[in-house]
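These values consider heavy atoms only, across backbone and side chains, with no hydrogens, waters or symmetry-generated copies. By convention in this document, chain letters (A, B, ...) are assigned in the order of the sequence lines, proteins followed by strands, and residues within each chain are numbered from 1.
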Amino acid sequence: MGRTGVAFKLGVVALAVASASAFAQDEAGAPGVPGVTAGEVADLGLLANNLWILIAAAMVFVMHLGFSCLETGLTRAKNTVNILFKNMMIIAIGLLTYALIGFNLMYPDGNWIIEGWLPAFVPGIGMSDDYDSVGYADGSYTYYADFIFQAMFAATAATIVSGAVAERIKLGSFLIFSAIYVAIVYPIYGSWKWGGGWLDDAGFHDFAGSTIVHSVGGWGALAGVIVLGPRLGKYLKREDGKTVISPIMGHSMPLAAIGVFLLWFGWFGFNGGSVLSADPESVSFVFVTTALAAAAGIVTAMITSQIAQRKPDLTMVLNGCLAGLVGITAGADVISPTGSIIVGGVAGVIVVFSVIGLDRLKLDDPVGAISVHLVCGIWGTLAVAFFAEGKSLVAQLQGIAAAAVLCFPVALLLFAALRFTLGLRVSRAEELAGLDQAEHAMESYAGFQIFSNQ
Amino acid sequence: MGRTGVAFKLGVVALAVASASAFAQDEAGAPGVPGVTAGEVADLGLLANNLWILIAAAMVFVMHLGFSCLETGLTRAKNTVNILFKNMMIIAIGLLTYALIGFNLMYPDGNWIIEGWLPAFVPGIGMSDDYDSVGYADGSYTYYADFIFQAMFAATAATIVSGAVAERIKLGSFLIFSAIYVAIVYPIYGSWKWGGGWLDDAGFHDFAGSTIVHSVGGWGALAGVIVLGPRLGKYLKREDGKTVISPIMGHSMPLAAIGVFLLWFGWFGFNGGSVLSADPESVSFVFVTTALAAAAGIVTAMITSQIAQRKPDLTMVLNGCLAGLVGITAGADVISPTGSIIVGGVAGVIVVFSVIGLDRLKLDDPVGAISVHLVCGIWGTLAVAFFAEGKSLVAQLQGIAAAAVLCFPVALLLFAALRFTLGLRVSRAEELAGLDQAEHAMESYAGFQIFSNQ
Amino acid sequence: MGRTGVAFKLGVVALAVASASAFAQDEAGAPGVPGVTAGEVADLGLLANNLWILIAAAMVFVMHLGFSCLETGLTRAKNTVNILFKNMMIIAIGLLTYALIGFNLMYPDGNWIIEGWLPAFVPGIGMSDDYDSVGYADGSYTYYADFIFQAMFAATAATIVSGAVAERIKLGSFLIFSAIYVAIVYPIYGSWKWGGGWLDDAGFHDFAGSTIVHSVGGWGALAGVIVLGPRLGKYLKREDGKTVISPIMGHSMPLAAIGVFLLWFGWFGFNGGSVLSADPESVSFVFVTTALAAAAGIVTAMITSQIAQRKPDLTMVLNGCLAGLVGITAGADVISPTGSIIVGGVAGVIVVFSVIGLDRLKLDDPVGAISVHLVCGIWGTLAVAFFAEGKSLVAQLQGIAAAAVLCFPVALLLFAALRFTLGLRVSRAEELAGLDQAEHAMESYAGFQIFSNQ
Amino acid sequence: MRLVIAYIRPEKLTDVKNALAKAEVLKISVTNALGCGDEPATHEQYRGAGIEVDLQKRVRLEIAVNEQYVDKTVKAIIEGGAAKAGEPGADQSSGGDGKIFVLALEDCYRIRTGERGDDAIG
Amino acid sequence: MRLVIAYIRPEKLTDVKNALAKAEVLKISVTNALGCGDEPATHEQYRGAGIEVDLQKRVRLEIAVNEQYVDKTVKAIIEGGAAKAGEPGADQSSGGDGKIFVLALEDCYRIRTGERGDDAIG
Amino acid sequence: MRLVIAYIRPEKLTDVKNALAKAEVLKISVTNALGCGDEPATHEQYRGAGIEVDLQKRVRLEIAVNEQYVDKTVKAIIEGGAAKAGEPGADQSSGGDGKIFVLALEDCYRIRTGERGDDAIG
Ligand SMILES: Nc1ncnc2c1ncn2[C@@H]1O[C@H](COP(=O)(O)OP(=O)(O)O)[C@@H](O)[C@H]1O
Ligand SMILES: Nc1ncnc2c1ncn2[C@@H]1O[C@H](COP(=O)(O)OP(=O)(O)O)[C@@H](O)[C@H]1O
Ligand SMILES: Nc1ncnc2c1ncn2[C@@H]1O[C@H](COP(=O)(O)OP(=O)(O)O)[C@@H](O)[C@H]1O
């Protein structure tokens, strides 16, 4: 970070910058700066494009904070430490396993076991020939920028599951599930489309991952909710035999709202960065469709909630915002602004009914992850066929079905296997005491008087 | 987001990037990439400039989270859901109405009903000829980047009002007010200056909107506070006939402080993005003046608070930071670093006295919005004439007066009209129970023992 | 921010952008846009590089919010206002003193009193010849971008101290210490390396400041903790004469976790921006090493905590994340991804034992600042010699020793001087009542029932 | 000596305290409580499911007084604690204003001085 | 008239309330409390230092009843408040389920109406 | 049987608990309370307006004991609860250390076992 003291090096930087050559490499003892051929326009494009991908990666990173806040806010105070812990671990495990195996699995670069279906397992990043080359991806961005951006995506899938299984899952079992899901399931599905596999050949369009990221996470969430069962006290049998839904209120609406704002912010990087360049027209366009879909989701969720619940529910509006965002993710690059308002608006309606409907089915999803990510992920994927020109409904359905057929059974299997080995759910006493006490022997809000009979 | 699977497309991207041509358009079935004329320097400038405007838009978006946190933190726990709800809705309504009508109204592009005074009403974005053209704005940035940046600004004006009227306004009435204010009042005033109207011709200088954004919001806040009256229990009549100010403490200082930090962060995008290019010298300069003014506002607010209140008040320092930021917003591009320290420092003093003074006048503004945005907005606008060369005090006064004459009466009228139709203020019982209960039937901190006789 | 109304100006901007010339300067009455020599590749590099430095500065700014949240979360509710106040003041004081004296001191540009050891005191920014020149730093970035980025770093050192001395230090004394430490001690040490002084000549490698920023802060923290003594009730003498450690729990784990996430986010700017250009290869590389080290620190801290404490402690994992980040900061540009996983992983182990060990030594550091910033800062500095080619262990040890010898005694002296003049520690009654009450006469969570006998 | 316990609406605390102060009853202890009485349950909702909250926020007062103050204390609480026109609870005949309970107090000590009995109470 | 005070486990509040409702005891007041009894202390840890938390979360009920309701009330609380199989506390003979205390209540007033005595209690 | 109620300073809770433990009184219940007594009001401020906070944070103890323990209990609380030199409250003659109230306890039950009377108390 030195200035004058490293005068000579700065000179090199100035040149290096102009030719987009390697500063770190230079420091690391690389052969030095190659002959500067000024005026290489592509290099300067690389400079801006690569920068945008990195910034977008940092924005996607913020989504993990958003998920943590949202999930914490919508659950009870007695499980707060545990939820924060899980979310902190997921991003760490996500990054490490993706570096170890996931990235190469997802982008096999022609290296398949079964062409288009099963990529080769190649461990470690930075092992491929072009890992140190700025010429990677035809000079659009560097290898490491691509890795970090994709790695931030990867952890998202597991985070989605986290919210749905919160307040009752064993920490260890959840971490094992997450590691396998991020390291293997997500990348294999991803390789079918983004890795150039059969779904890509089929013409499936999923710009930033309504299906590839969100539905994949959503299927895992659904499997987890089914295997785990509802939280104690959520569905109460009355004396007359009927079951009543007893709401388990989240303990901090500010945390939940902060989470959604941060997720929206991160989504500009999630969708905007998925252009994989700083191309002015596309990125600007994606920003607008993303923002309008979220806004529309908020408004329609409010109206739906007002009608269905008589008074508008903040958590429904928060879910509506995310529903709009998940909805537009598949087609943010190809759906017009007007179309994006419709797509987001429909998602905002769907999500409210989905949350209420899943509750009727006794599928206890504390944060609405299934409704937001799975249901609206499917809607968004379909919407591409309806609102963009030249996209095939069949291909979209293929993509959706492929996710269902791959991810849901595998997730079910994983959860079931954990249930019969390590155990999946904490004991009744632990659940009543709260996972903070049971799993961490800690308090989340030391000193605060918290009163709850749930 | 695919890599190898979209190899051919990536090749296109690489080229497209170099020429800044249309990736999304290409995907959307546009005629394809026009002949690449490499070496077009302007295109590469566009790449970086446009990127900065988009990132700045995302940063301004974060300001909405900042406002939400600040407003929530400085009010009572029993109104938290309502405040978060309002703020979530405002950004959604702001984006949608600005897309529908506001943007075209604010930037009429020569399309006036009364030249320089009343822009034409043209509905919808993306309808103008150059909406899909990267040649928009002489190639400085794209149409959609401009829209999203301006749209994020627009919602700010309504958010400012939100804080001042908090804890007693009816949700529905507030949303209607906001929609009209953002869709019509703000853009019309904005068109006078940024849309090239009469104020622009008069030589009025308001770089990023001390007046255009902040005072406009502030006038709305003042009108709302007057029409609504103070919160129950704020000004108590004693037996001897004297009125005493009974402080109504905000329920979460961490939320308030987080809000201010996020606002400051967003302000780098608000002011820095208002350069409307990534021009190294200007943007760097604006970053420095913005940061120094905020820092100076903090220090002087602390000293003033220490003297006036005997012990330094955190909320005054938070207001002082914002005061410095609002103060420098009009002249961040033309006031020297030394000048910006003075401008921010004076704002920090003003805001403390203004908060105390308005309280004496029984104008109950829970978050200090009027003091920060209106009073310091006026100060900042005047400061341009004092601290920058060649700026006319008369023009600055014209700008300030125009905002007063347009916005204050219109806001008063709107609030009064709502008061006599839908009703503006919740009932006494609802206010005592809190708006969370009254408007949403929800709790913001379920489980927490909260004790308050206010 | 005008569009059409400033048509002519926009034309200028378009040109200005292409040549990266001065928009603000133009507005400020500068001689105008110099002849546009299109095709100047270096100018376009400047555009992107400078933009990245500014964005990185804004990200480093977010770290101050991160520190505030972390420190608040790990301390008691009754000191919350005071901690937020301190952190708000530090950034303000940091920016202003760095502008006044620190920046010129740290980057003397050949202007030394004792060559390589004692830089000349030159007050004020913008006084040097090239302050308005985009040609500054050989055209890599502008003067003001450099200043704002470095200024954001500067305040960090004082913030580190803040956490360690929290809950018992007098506000005024702390602010005086901070001002002196940021304005003089930090820049002098910094000048030895980044200012081109003797440490730079000695071959010391500290990329983004494991020592220069973090250890320097850490030494101050250690000195403060020693002079102040532990918080009341932290180390209790039992009847049998033995001392037991009585944990003083932090009052909000969500705040602490939010703080760490934000710090991690900011670290991408801290390390990534320290490349001082947007060079695709280096910045991407730094992003990857930074992220992997943090992830590894999380995982090893979890395992260590699980083994040492039987149940995994969230606050240890949070510290582990920061430990990994501090650890990689010195060598983020030269240590391979695999190396960065090891460096971060070792840091995650170290930090857990360090936190426990310091507690045994009765050094009461509420947030673990000494363990994270000093101990892991030293580890990270050493790690450069172990994991990067061609770095000398001797030089690294010289850098570490220099920080110890300069910063620790000076900080001790400063604290001792304050103790015997203004007083350093609040009274017993004030500490029991909490600093919110004692120093600010305020409440941080008005209405919440908080119960604590500590 | 008597121990007077009262449950009142939180928003009436200031009024009750003022009424007590006029009756020269200055020493009181206050706790946060939840009460279930005649008052109508509040309806809350969360994510589509409704819930009747029958535990309402109440404030519990505990006041130790000498015999001659008992009536004054009770009167002051009733005066200050009953909902007035325009306030919540006033329009409904169904209540929620609370109760006062009077218990015999056998003994009383002042911790600071160790004083006992009537002297210790005030 | 009697004042019944009971300390129960927080998670048993709903059961106790239901049992009381069946016994036609509908008016109760509830406070948050911390209790130290026979129950084993919980071990907590923070940054490497352990602490035995012997104050457990408990809920305090206060119920004023007429003579004829005392037994019913006590029985209902015992019925609802004792830990059942599978619940925390059930497996340990060491307790933690709580206590019931019965005090003589001299007088009772309804704040809303000023009613006094037996009539005011319900 | 007696019910001992005490209001003490929050920071003295550990001392009082230790003193009680020495007196072999191990079962206690604790609540958060606010007290208004002789102690000087704390001055708070917020955005330029001051307020005298006369409700100070106090801790309420409730301890049911058999006759023979009453004096021990009271003594232990007084011993543990009085402000010592150097602590807040020690320098002012104006108080704030709190009160102890002793009430007659008619009956006592252990929820777990249904035990009654003297046996149930400990
Ligand atoms: N018998 C009782 N035992 C304990 N608390 C009671 C009793 N009756 C009333 N309360 C308390 O008083 C509050 C108001 O009582 P309620 O019966 O609604 O008032 P009202 O007497 O005006 O109808 C309740 O919320 C509860 O806290
Ligand atoms: N003598 C007592 N005085 C006050 N509170 C008591 C007393 N005994 C028990 N408690 C309360 O009852 C709760 C449970 O008591 P405990 O003795 O553990 O139950 P058990 O009688 O089943 O052994 C304690 O946490 C405390 O709140
Ligand atoms: N008569 C009383 N009734 C109820 N609570 C009391 C009474 N007197 C004192 N208290 C409680 O005791 C606390 C300390 O009382 P105070 O009178 O200030 O102490 P001291 O007796 O040392 O002067 C008060 O805050 C209050 O909670």
Between [Y] and [X], is there a side-chain heavy-atom distance shorter than 4.5 Å?
| X | Y | answer |
| --- | --- | --- |
| D/Glu62 | F/Ile5 | yes |
| F/Arg9 | D/Ile111 | no |
| D/Arg110 | F/Asp38 | yes |

With sequence neighbours excluded, tell me which residues meet side chain to side chain contact (heavy atoms under 4.5 Å, CB included) with F/Ala64. E/Phe101, F/Leu3, F/Leu105, F/Ile121

So which residues of residues 41-52 of chain D are in contact with chain F at a heavy-atom cut-off of under 4.5 Å? none

Which of residues 66-74 of chain D have a heavy atom under 4.5 Å from any heavy atom of chain F? none

To the nearest 0.5 Å, how far apart are NZ in D/Lys17 and CG in F/Asp54? 3.5 Å

Could you measure the distance from the CD1 atom of F/Ile78 to the OG1 atom of D/Thr113? Nearest 0.5 Å is fine. 8.0 Å

Greatest number of heavy atom pairs closer than 4.5 Å to chain D - which of F/Gly35, F/Ala6, F/Cys36, F/Ala82: F/Cys36

Check whether D/Ile63 gets within reach of chain F through its side chain, its backbone, both or neither, counting any heavy atom under 4.5 Å. neither

Under 4.5 Å heavy-atom distance to chain F, tell me which part of D/Arg116 shows up: side chain, backbone, both or neither. neither

Give the interface residues of residues 19-27 of chain F toward chain D, defined by a heavy-atom separation under 4.5 Å. none

Side chain, backbone, both or neither: which part of F/Leu55 has a heavy atom under 4.5 Å from chain D? side chain

Distance-minimising heavy-atom pair for D/Gly122 and F/Lys99: O-NZ, 3.7 Å

